Q: 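This is the structure I want to talk about, given as structure tokens.
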Amino acid sequence: MTKLYVGNLPFSATDESVRALFSNHGTVEKVSLINDRDTGRPRGFGFVEMSSADAARAMAALNGTDFEGRTLRVNEAQERSGGGGFRSGPRGR
DNA sequence: CATGAGCGC
């Protein structure tokens, strides 16, 4: 499964809206929109998990397209440092 | 009541 970084999202966008949008180009495994926990405002970007084929397809299909009035940014997501669990070991994931 | 970089606790 590949993680997709979705940026330049409109503040009106929601996880279900993003899921529906990506669902049109492939099977969406999971959608996680990121909101600023410091101020409580949505940062305007999120992450979408899909299979590698569907992820690349949706990325190429939705990247650079207009979504809710904003130019959608879709790219491969970087690996998050740490996370809920401590990932220090040769056996990641 | 709001805002706009870009990579999530």
Side-chain angles (χ1 to χ4, degrees):
Chain A
M1 181 158 56
T2 303
K3 289 181 250 180
L4 255 49
Y5 164 77
V6 186
N8 202 23
L9 286 171
F11 302 99
S12 303
T14 59
D15 56 283
E16 54 183 331
S17 65
V18 177
R19 176 179 294 182
L21 185 67
F22 279 77
S23 178
N24 293 317
H25 292 276
T27 304
V28 179
E29 299 295 339
K30 187 59 180 179
V31 179
S32 301
L33 295 183
I34 309 306
N35 51 295
D36 193 275
R37 67 178 180 86
D38 295 312
T39 60
R41 294 193 222 152
R43 279 194 172 181
F45 80 96
F47 291 91
V48 179
E49 299 180 23
M50 303 175 68
S51 58
S52 59
D54 290 344
R57 180 179 301 177
M59 174 174 53
L62 298 175
N63 185 20
T65 58
D66 179 80
F67 181 63
E68 295 296 324
R70 301 299 178 188
T71 307
L72 200 64
R73 302 286 200 206
V74 182
N75 285 108
E76 295 179 275
Q78 298 175 344
E79 187 176 358
R80 181 171 55 116
S81 304
F86 201 76
R87 185 180 297 172
S88 60
R91 182 171 44 101
R93 204 153 93 179

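Chain A is the first sequence line, chain B the second, and so forth, proteins listed ahead of strands; every chain is numbered from 1. No experiment lies behind these values; they were computed from the predicted model shown.
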Q: Look at the side chain of A/Pro42 and decide which nucleotide, out of B/dG8, B/dT3, B/dG4, has an atom nearest to it.
A: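 Comparing B/dG8, B/dT3, B/dG4 against the side chain of A/Pro42, the answer is B/dT3.
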Q: For A/Arg37, answer base if it contacts any base atom (sugar-phosphate contacts may also be present), sugar-phosphate if it contacts only those atoms, and nothing otherwise; contact means non-hydrogen atoms under 4.0 Å.
A: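 A/Arg37: no heavy atom of the nucleic acid under 4.0 Å.
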Q: Side chain of A/Phe45 only, heavy atoms from C-beta on: which candidate in B/dG4, B/dG8, B/dG6 is closest?
A: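 That would be B/dG8.
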Q: Could you note down all residue pairs passing ring-ring contact (aromatic ring centres under 6.0 Å, His included) where residues 47-69 of chain A supplies at least one of them, sequence neighbours left out?
A: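 Matches after skipping sequence neighbours: A/Tyr5-A/Phe47, A/Phe45-A/Phe47.
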Q: What is the distance from CD1 of A/Ile34 to C1' of B/dC9, rounded to the nearest Å?
A: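 One finds 9 Å between C1' of B/dC9 and CD1 of A/Ile34, rounded.
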Q: Between atom CZ in A/Arg80 and atom P in B/dG8, what is the gap in whole Å?
A: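 A/Arg80 atom CZ is separated from B/dG8 atom P by 8 Å.
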Q: Checking all strands, does A/Glu49 fall into the base, sugar-phosphate, or nothing category for heavy-atom contacts under 4.0 angstrom?
A: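 The residue A/Glu49 makes no contact with any strand.
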Q: Rounding to a whole Å, what distance do you find between A/Asp36:CG and B/dT3:C1'?
A: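 My rounded result for the distance is 11 Å.
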Q: Tell me which nucleotide among B/dG8, B/dG4, B/dG6 gets nearest to the side chain of A/Phe11.
A: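 Out of B/dG8, B/dG4, B/dG6, the nucleotide with an atom closest to A/Phe11's side chain is B/dG4.
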Q: Can you tell me how far C1' of B/dC9 sits from CZ of A/Arg43, to the nearest Å?
A: 11 Å
Q: To the nearest angstrom, how far is A/Leu33 atom CG from B/dG4 atom P?
A: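 The distance from CG of A/Leu33 to P of B/dG4 comes to 19 Å, rounded to the nearest Å.
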Q: Report the distance from atom CD of A/Glu29 to atom P of B/dG8, rounded to the nearest whole Å.
A: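 To the nearest whole Å, that distance equals 22 Å.
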Q: Taking atom types as they are modelled, would you say the side chain of A/Arg41 forms a donor-acceptor pair with the base of B/dA2 within the 3.5 Å cutoff?
A: yes
Q: For residues 35-48 of chain A, which residue pairs qualify under side chain to side chain donor-acceptor pair (under 3.5 Å), counting only residues two or more places apart or in two chains?
A: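 Residue pairs passing side chain to side chain donor-acceptor pair (under 3.5 Å), neighbours aside: A/Asp36-A/Thr39, A/Asp36-A/Arg43.
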Q: Side-chain contact test, heavy atoms from C-beta onward, threshold under 4.5 Å: evaluate it for A/Lys30 versus A/Arg19 and give yes or no.
A: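 Yes; the side chains approach each other to less than 4.5 Å.
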Q: Starting from P on B/dG6, measure out to OH on A/Tyr5 and report it in whole angstrom.
A: 8 Å
Q: Under 4.0 Å, counting only non-hydrogen atoms across every strand here, what does A/Leu9 touch: a base, just sugar-phosphate, or nothing?
A: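 The answer is base, as A/Leu9 lies within the cut-off (heavy atoms under 4.0 Å) of a base atom.
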Q: Checking contacts here: which listed nucleotide (B/dC7, B/dC9, B/dG4) is nearest the side-chain heavy atoms of A/Phe47?
A: B/dC7
